[in-house]
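To start, the structure under review is shown below, and the notes come after it.
Sequence lines set the chain letters: A, B, ... in the order given, protein chains first and strands last, and positions in each chain run from 1.
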Amino acid sequence: MKQTLLSLSNLSKQFSGKTVLDGLDLEILDGEFITLLGPSGCGKTTLLRLMAGFEHPDKGSITLAGQDLTHTTPENRPLNTVFQHYALFPHMSVFDNVAYGLKMEKRPKGEIRQRVEDVLAMVQLQDFAQRKPHQLSGGQQQRVAIARAVVKRPRLLLLDEPLSALDFKLRRTMQVELKRLQRELGITFVFVTHDQEEALSMSDRVVVLKDGLVQQLGTPREVYERPANLFTARFVGETNFFPGTVDSVHDGSITVDVFGLKRTLRRPDFPVREGQKLHVLLRPEDIRVLDPADEHGVAGKIVERNYKGSTLDSVIHLTDGTEVLASEFFDEDDPAFDYRLGEPVKVSWVDGWEWLLPEEVAPEQSEEEFPADA
Amino acid sequence: MSRWLPRIYLTLVYILIYVPIVVLVVFSFNESRTGYSWGGLGLRWYESLFDNRAMVGAMWNSLWLALSAATVSTVIGALTALALHRYRFRGKKLLNGMLFVVMMSPEIVLAISLLALFLLVGLQLGYVSLLLAHVTFCLPFVVITVMARLSGFDESLPEAARDLGASDFTMTRTVLIPVIMPALLAGWLLGFTLSLDDVVVSTFVSGPGYEILPLRIYSMVRVGLKPEVNALGTLLLVFSLVMLMLSQWILIRSKR
């Protein structure tokens, strides 16, 4: 069982009357890679700045390994930050940038030299020590920023969207590199991002934030497969929402009417009663596209198909107008498998792969705040 | 024809601007006793310029005044700009506006009001009164130069320094000041130049004990110009060219 390293309790923060964080509680465990995920304006950056000490909470407390940090200045906190745009000192060489934190600790010269060289070797920049930041590429600057923060051997490393300025390929490389660094150093990483793919692939745990409140806290698998509410379901990955009505409630299962199909599904954790409306959530990869002659499934037709290399993604319009996203892996027996536009199909799924959520009050609101591209 | 017209026009403009300067430089090396006929090359007027005790004295006074006024106004101006940039305080807008008032108001108004102030408080007119006056009119230029640099300043730099363990003071010394150094130098040079060739304000607030170059030259005009002035003009021209190149060099280096 991992111990709590940083504990945030009842944190509230307002900026000129606007509430950014509202009584937020969070426990960060020692040695974990935890990601704060949410759309812009959800409070994730503010949360990070509170941890770093650049802002102070209006209410609540921050404790690191039993020590109260709520009113400690940034320079006296045993944690370091990797900034979104790196914030390298432009007038200093790479070596001096990395050595800065150790000079502030008044370490002996020999030790500084040794530690800076070690950490530069770790990020594969040992040959660039005398360069100035503007002579480096984006990815190299990024690595200097990480080296500068970890050379102080902090208990906790805060990373504020550190990969957002990099191009796609470099981003992938840096994701792997960051994971490797985290394993090697054993430092707790608090990573802020609005990219859900990044969050799922890198983290031990994900915190989904919206309007300064934790929507869900769990492993990437939990967040993806068992979203706590509609917001998380919409934000993390693509989801099909089918409207369902509870037909009858049994011991371990319920019968739900979806598009006229009576399906017997696993009974959810929340209370259900007959006649209740609920959402049946299905990820595109859970959808089964069947032959139109099949007696199971809902009728529809293909309106779009996208070849994605390993999968074939299609958009299907059901007869009532509902749009369904399906993502199917290529079958080895049928590598030429494809659809034509307008082709009639039937849509179904394997019982048990769905996830049920109760109806929420005004669920449309969150959809508007949050366009599909996020 | 239409192709030549713009060229002729441009040539005329350049002649109008640069011929007097060239004539001044050439005639500063004239050996002739009168200023209007050519008597061969020589350094006669430079010798007589440096033999003119009053003139050399005024030159040193001017340089010393410009040096001290530029330095004082850079220090005060940089601190003002930092305060305006970093903090929110009462009267911030007022302070900002007042700087512009100083910059925009006619020099004669500034001169009269400063003279009235100095007389009122009983300050002896001389070096101190000149320094105070020059700092006053240099200050807004320094503040604006430094503010411009600060507005493009990455706000996460000071935070990064604090995060790595620097106190506010250490951060200012090791990160903030080095990053805005080009603006400080540019502001200093601007102040130096403004102070060196100021006539209007200086006329009002200088005293008999401390004569400066522009006023000395102005008084020479009234008793009749000697070709020494050509030599002096050439020296000032070379000096300002060097300063201009220096400031450009700093600017280019800082952009890298």
Side-chain angles (χ1 to χ4, degrees), chain A residues 16 45 48-49 51-55 72-93 96-107 112 116 131-135 141 144-154 156-162 165, chain B residues 74 78 81-90 92-93 145-189 246-256:
Chain A
S16 44
T45 297
L48 201 75
R49 291 176 62 80
M51 293 186 214
F54 304 135
E55 309 282 353
T72 312
T73 49
E75 64 265 33
N76 295 316
R77 297 189 181 206
L79 43 87
N80 291 108
T81 309
V82 176
F83 291 85
Q84 187 170 10
H85 300 291
Y86 322 139
L88 300 180
F89 305 130
H91 57 295
M92 294 184 198
S93 67
D96 289 335
N97 262 284
V98 178
Y100 191 85
L102 297 176
K103 281 181 188 156
M104 291 303 126
E105 287 179 11
K106 303 217 167 23
R107 298 274 172 188
I112 293 181
V116 171
R131 299 268 186 103
K132 287 281 182 67
H134 67 87
Q135 295 169 311
Q141 291 185 23
V144 176
I146 293 167
R148 187 177 68 174
V150 300
V151 76
K152 293 196 64 165
R153 299 176 187 151
L156 194 81
L157 192 67
L158 306 171
L159 302 107
D160 185 10
E161 307 210 19
Chain B
T74 302
L82 278 176
L84 285 172
H85 179 75
R86 284 185 66 178
Y87 304 113
R88 274 192 223 169
F89 52 87
R90 279 176 70 147
K92 178 172 167 168
K93 282 211 170 121
T145 315
V146 177
M147 288 264 275
R149 176 83 183 182
L150 282 172
S151 72
F153 182 72
D154 181 359
E155 285 307 320
S156 54
L157 286 182
E159 287 181 350
R162 298 293 301 275
D163 189 66
L164 292 165
S167 64
D168 201 39
F169 178 75
T170 313
M171 180 279 292
T172 308
R173 189 171 54 82
T174 56
V175 174
L176 195 56
I177 290 178
V179 172
I180 62 167
M181 192 45 100
L184 295 183
L185 287 174
W188 189 90
L189 280 172
L246 196 69
S247 67
Q248 288 299 309
W249 181 69
I250 290 166
L251 212 67
I252 289 164
R253 220 179 53 141
S254 73
K255 273 189 185 154
R256 268 196 333 192

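- Taking CZ of B:Arg162 as the start and CZ of A:Arg77 as the end, the distance is 11.0 Å to the nearest 0.5 Å.
- Counting heavy atoms from C-beta on, the side chains of B:Met181 and A:His91 never come closer than 4.5 Å.
- Of the listed residues B:Thr170, B:Thr174, B:Val179, the one with more heavy-atom pairs under 4.5 angstrom with chain A than any other is B:Thr174.
- Between A:Phe54 and B:Asp163, some side-chain heavy-atom pair lies under the 4.5 Å cut-off.
- Between B:Leu157 and A:Phe89, the shortest heavy-atom contact is O-CE2, 3.6 Å.
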Residues A:Glu75, B:Met171; criterion side-chain contact (heavy atoms from CB on, under 4.5 Å); working and verdict: CA-CA 10 Å; A:Glu75 64 265 33; B:Met171 180 279 292; over 6 Å; no
Could you give the side-chain donor-acceptor pairs of residues 144-153 of chain A under 3.5 Å, partners two or more places apart or in another chain?
{"from": "A:Arg148", "atom 1": "NH1", "to": "A:Ala87", "atom 2": "O", "distance (Å)": "3.0"}
{"from": "A:Arg148", "atom 1": "NH1", "to": "A:Asn97", "atom 2": "OD1", "distance (Å)": "3.3"}
{"from": "A:Arg148", "atom 1": "NH2", "to": "A:Tyr86", "atom 2": "O", "distance (Å)": "3.2"}
{"from": "A:Arg148", "atom 1": "NH2", "to": "A:Ala87", "atom 2": "O", "distance (Å)": "2.9"}
{"from": "A:Lys152", "atom 1": "NZ", "to": "B:Leu164", "atom 2": "O", "distance (Å)": "2.7"}

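- Of all non-hydrogen atoms in B:Ala161 and A:Tyr100, the two that sit nearest each other are CB-OH, 3.7 Å.
- In this structure, no portion of A:Leu158 lies under 4.5 Å from any heavy atom of chain B.
- Across B:Pro178, B:Pro158, B:Ala166, the residue that shares the most heavy-atom pairs under 4.5 angstrom with chain A is B:Ala166.
- By the neighbour-count criterion of 12 heavy atoms within 6.0 Å, atom CZ of B:Phe89 is densely surrounded, having more than that number from other residues, nucleotides or ligands.
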